[in-house]
**Student:** 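Let me give you the structure first, and then I'll get to my questions.
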Amino acid sequence: MTDENAGQPPAPTTASPAGEYLGDPAVRDEWDSRYADREQLWSGAPNGALVAEVGDLAPARALDVGCGEGADAIWLATRGWDVTGLEVSGVALERAAGHAREAGVTVDWVHAGLTEAGLRPASYDLVSAQYPALPRTPDAAAERALLAAVAPGGLLLLVHHAGMDTHQEHESGFDPADYVWPSMVSALMDENWKVEVDEQRPRVAPDGGAGAHHTDDVVLRARRLR
Ligand SMILES: C[S@@+](CC[C@H](N)C(=O)[O-])C[C@H]1O[C@@H](n2cnc3c(N)ncnc32)[C@H](O)[C@@H]1O
């Protein structure tokens, strides 16, 4: 009998929300403090672009990158998906796990940064990253990690706020050059990928939450052919 996982990195630790963290402590602390500032940061509803793009798909294995307070992961799990929710903020993951218990669904929560999580390559039929704040590095590690996680035949769905990538650096210190944007990921797709959707469109705005003022999305949906 062959071990199909031989030579592959170990599966990520299925961390309880309070479990060991794999990633940059400074990134975790920054997001923890942002979440801790409010009892609830996001709307609690699944993102409109996820619902629109995935609502008709048969459930399989999904990875929600930067799952925040868990609304998307829980929505997927209630529809029968086998979901892994990956997030740097332990504060957010505690909330996500509580919401999942209330909803009566199981999600595999991973407390890690995307590039540090040690995800098994080509393991997810859907990799969803909704407004992910992924740090950009010269080796494009986050972009490559998103692509590597998708199984042959699977989908990458990357959604961001339109116009953020061209914003001037803010007084707040937000510099778009520090983050990964959808065009950087599509630029790395080779002949093994087919871009199915790459467009800007009006956002189904959530009812409340910190991001409610953003009006348009950039939606990248691409299928890994092999
Ligand atoms: C703008 S929020 C979006 C949260 C959620 N996807 C949603 O739509 O409500 C970005 C999320 O990415 C998480 N994050 C930041 N850096 C990350 C990284 N390196 N790996 C995984 N998640 C990260 C943040 O903690 C935060 O929860």
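Start at 1 and go down the list; that is how both ligands and their atoms are numbered. All values reported here derive from a predicted model rather than from experimental measurement.
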**Student:** Hey, does Ser89 come in under 3.5 Å of ligand 1, counting only N/O atoms on both sides?
**Tutor:**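 No, since none of the N or O atoms of Ser89 sits under 3.5 Å from an N or O of ligand 1.
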**Student:** Measure the acute angle between the ring planes of His160 and Tyr131, then classify it against the limits of 30° and 60° as parallel, tilted or perpendicular.
**Tutor:**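 Geometry flag for Tyr131 against His160: perpendicular rings.
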**Student:** Do you know which two heavy atoms are closest between Ala49 and Leu157, and how far apart they sit?
**Tutor:**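 Result for this residue pair: O-CD2, 4.2 Å.
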**Student:** Going by the side-chain contact (heavy atoms from CB on, under 4.5 Å) test, name the single residue among Leu63, Thr84, Leu119 that passes it with Val110.
**Tutor:**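 Exactly one option meets the side-chain contact (heavy atoms from CB on, under 4.5 Å) with Val110, and it is Thr84.
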**Student:** Which residue holds the protein heavy atom closest to atom 25 (O) of ligand 1, what is that atom called, and what is the gap in Å?
**Tutor:**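 The answer is Glu87 OE2, 2.4 Å.
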**Student:** Got the closest protein heavy atom to atom 21 (C) of ligand 1, with its distance?
**Tutor:**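 Answer for atom 21 (C) of ligand 1: Leu86 CD2, 3.5 Å.
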**Student:** Once you restrict to heavy atoms under 4.0 Å, what part of Trp42 touches ligand 1? Side chain, backbone, both or neither.
**Tutor:**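 Within the 4.0 Å criterion, Trp42 contacts ligand 1 through side-chain atoms alone.
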**Student:** Can you find an N or O of Pro135 that's nearer than 3.5 Å to an N or O of ligand 1?
**Tutor:**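 Min N/O separation from ligand 1 is not below 3.5 Å for Pro135.
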**Student:** Please name the residue in the list Glu87, Glu94, Arg28 that meets the side-chain contact (heavy atoms from CB on, under 4.5 Å) test with His111.
**Tutor:**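 Between His111 and the candidates, side-chain contact (heavy atoms from CB on, under 4.5 Å) is satisfied uniquely by Arg28.
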**Student:** Taking 4.0 Å as the limit for heavy-atom contacts, which would you say applies to Ala129 with ligand 1: side chain only, backbone only, both, or neither?
**Tutor:**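 None of Ala129 does.
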**Student:** For the CG atom of Leu220 and the CE atom of Met184, what is their distance to the nearest 0.5 Å?
**Tutor:**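 It comes to 13.0 Å.
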**Student:** Could you check whether the rings of Trp31 and Tyr35 sit parallel, tilted or perpendicular, using 30° and 60° as the cut-offs?
**Tutor:**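 Ring orientation, 0 to 90° scale: tilted.
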**Student:** Do the charged groups of Arg201 and Asp217 touch, with an N to O distance under 4.0 Å?
**Tutor:**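 Here Arg201 does not pair with Asp217 in a salt bridge, since their nearest N and O are not under 4.0 Å apart.
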**Student:** Would you check the N or O atoms of Tyr35, main chain and side chain alike, for any that come under 3.5 Å of an N or O of ligand 1?
**Tutor:**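 Yes; the residue has a nitrogen or oxygen that sits under 3.5 Å from a nitrogen or oxygen of the ligand.
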**Student:** Heavy atom to atom 16 (N) of ligand 1, shortest distance: which of Ala133, Ala73, Cys67 holds it?
**Tutor:**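 Shortest heavy-atom distance from atom 16 (N) of ligand 1: Ala133.
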**Student:** For Tyr131, is at least one N or O under 3.5 Å away from an N or O on ligand 1?
**Tutor:**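 N/O-N/O distance below 3.5 Å does not exist for this pair.
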**Student:** Would you check if there is a donor-acceptor pair between the side chains of Ser128 and Asp64 at a distance under 3.5 Å?
**Tutor:**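 Note: Asp64 and Ser128 side chains miss the donor-acceptor criterion.
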**Student:** May I ask whether Ala92 has any heavy atom positioned less than 4.0 angstrom from an atom of ligand 1?
**Tutor:**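 No.
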**Student:** When you compare ligand 1 with Gly66, is there at least one nitrogen or oxygen pair between them that comes in under 3.5 angstrom?
**Tutor:**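 Yes.
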**Student:** Does an N or O anywhere in Asn47 fall below 3.5 Å from an N or O of ligand 1?
**Tutor:**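 Checking ligand 1 against Asn47, an N or O pair does fall under 3.5 Å apart.
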**Student:** Looking only at distance, does Leu134 have an N or O less than 3.5 Å from an N or O of ligand 1?
**Tutor:**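 N/O-N/O distance below 3.5 Å does not exist for this pair.
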**Student:** So if I count the atoms of ligand 1 from 1 in the order they appear, which ones are less than 4.0 Å from some heavy atom of Gly68?
**Tutor:**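 Going through ligand 1 atom by atom, the ones under 4.0 Å from Gly68 are 27 (O).
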**Student:** Who's the nearest protein heavy-atom neighbour of atom 20 (N) of ligand 1, and how far?
**Tutor:**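 Protein heavy atom with the smallest distance to atom 20 (N) of ligand 1: Leu114 N, 3.0 Å.
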**Student:** Identify the protein heavy atom lying closest to atom 18 (C) of ligand 1, giving its residue, its atom name and the separation to 0.1 Å.
**Tutor:**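 Answer for atom 18 (C) of ligand 1: Val88 CG1, 3.5 Å.
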**Student:** Are any side-chain N or O atoms of Asn47 and backbone N or O atoms of Asp72, one a donor and one an acceptor, separated by less than 3.5 Å?
**Tutor:**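 Answer holds: no.
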**Student:** So, for Ala71 and Gly44, which heavy atoms are closest and what is the spacing to 0.1 Å?
**Tutor:**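 That closest heavy-atom pairing would be CB-O, 3.5 Å.
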